[in-house]
Amino acid sequence: MKNILLFGAPGAGKGTQSKKIILKYGLVHLSTGDILRSEIARNTELGKEARTYMVKGELVPDNIVIEMIEQKIKNQSNSKGFVFDGFPRTVAQAKSLDDLLNKNNTEISFLLALLVETDELKKRMQIRASKENRTDDTPDVIENRIKVYKEKTAPVADYYKKQNKYITVSGMGSVEEIFAGVSKVIDKIFI
Ligand code: B4P
């Protein structure tokens with residue numbers, strides 16, 4: 001299986017690039033952010049709990065997201081592989097994902113980090129706020145999400161560096177320019 005972990009700060013373009021990767025390479029998209037927003041929209045118990053964290057820009061507890069991902073992987077076990085978008089966001093989630101994939105006789109192929117300057121991240125999320133009305137795209141919450149990213153999520157990169165699975169690509173420029181860089185990396189590894 002081809003399992004790509006798309007990594008980056010909030011607003012780095014993980015969702016945007018994931019959608020293009022799955023179309024080109026026939027992989028399954030697993031975005032914990034999208035799954036959580038869908039739970040919120042359906043007003044499920046999980047959604048109600050997740051919302052209390054997301055509106056503050058905090059991470060949803062590990063046990064909730066790990067269970068969600070486990071279900072999704074089980075349901076799609078015959079796929080060619082996954083693009084993990086926004087997961088893992090903590091080292092505990094990364095360890096659980098490795099265990100889960102090992103149980104299915106597969107592993108993360110590589111982590112692809114989208115590198116974007118902080119001012120550009122803020123600009124993109126402010127633009128998204130006006131288009132999508134996301135409750136976590138207000139200035140205060142954006143600041144907190146970037147802080148949480150540095151404290152809790154950035155160490156995930158070190159975890160995969162130790163496994164020699166860490167690759168970077170520029171996340172600056174147009175969506176198509178970035179996707180050209182992303183495709184180059186994927187083609188080099190898989191073809
Ligand atoms: P996510 O849904 O993962 O949101 P994100 O990190 O903000 O977005 P992403 O990087 O995907 O950016 P996008 O492509 O949309 O998470 C939301 C929240 O859910 C988290 O804060 C957390 O509370 C919770 N959560 C999710 N996963 C979790 C986990 N594993 N554990 C715990 N909690 C979890 O791009 C951003 C904007 O920029 C878009 O409007 C896009 O159109 C624009 N854009 C993209 N590329 C561009 C480019 N090249 N140029 C200009 N604009 C661009």
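Here the structure is a predicted model, which means the values were calculated and not measured. Read the numbers this way: they start at 1 and go in the same order the structure lists the ligands and their atoms.
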Donor-acceptor pair, distance only, cut-off 3.5 Å: does the side chain of [X] make one with the backbone of [Y]?
X	Y	answer
S130	I127	yes
D62	Q93	no
K152	T90	no

Q.
For N63 and I66: C-alpha separation, side-chain torsions, deciding distance, then whether side chain to side chain contact (heavy atoms under 4.5 Å, CB included) applies.
A. CA-CA 5 Å; N63 61 324; I66 291 166; 5.9 Å; no

Q | Validation row, ring centre F110 to ring centre F190 under 6.0 Å | A | yes

Q.
I'd like the contact residues of ligand 1, where contact means a heavy atom below 4.0 Å.
A. A9, P10, G11, A12, G13, K14, G15, T16, T32, G33, L36, R37, M54, E58, L59, V60, V65, G86, F87, R89, Q93, R124, R128, R134, D136, R145, G173, S174, V175, I178

Q: Have a look at D136 and tell me which of R128, R145, K56, R51 forms a salt bridge (charged side-chain N to carboxylate O under 4.0 Å, His left out) with it.
A: R145

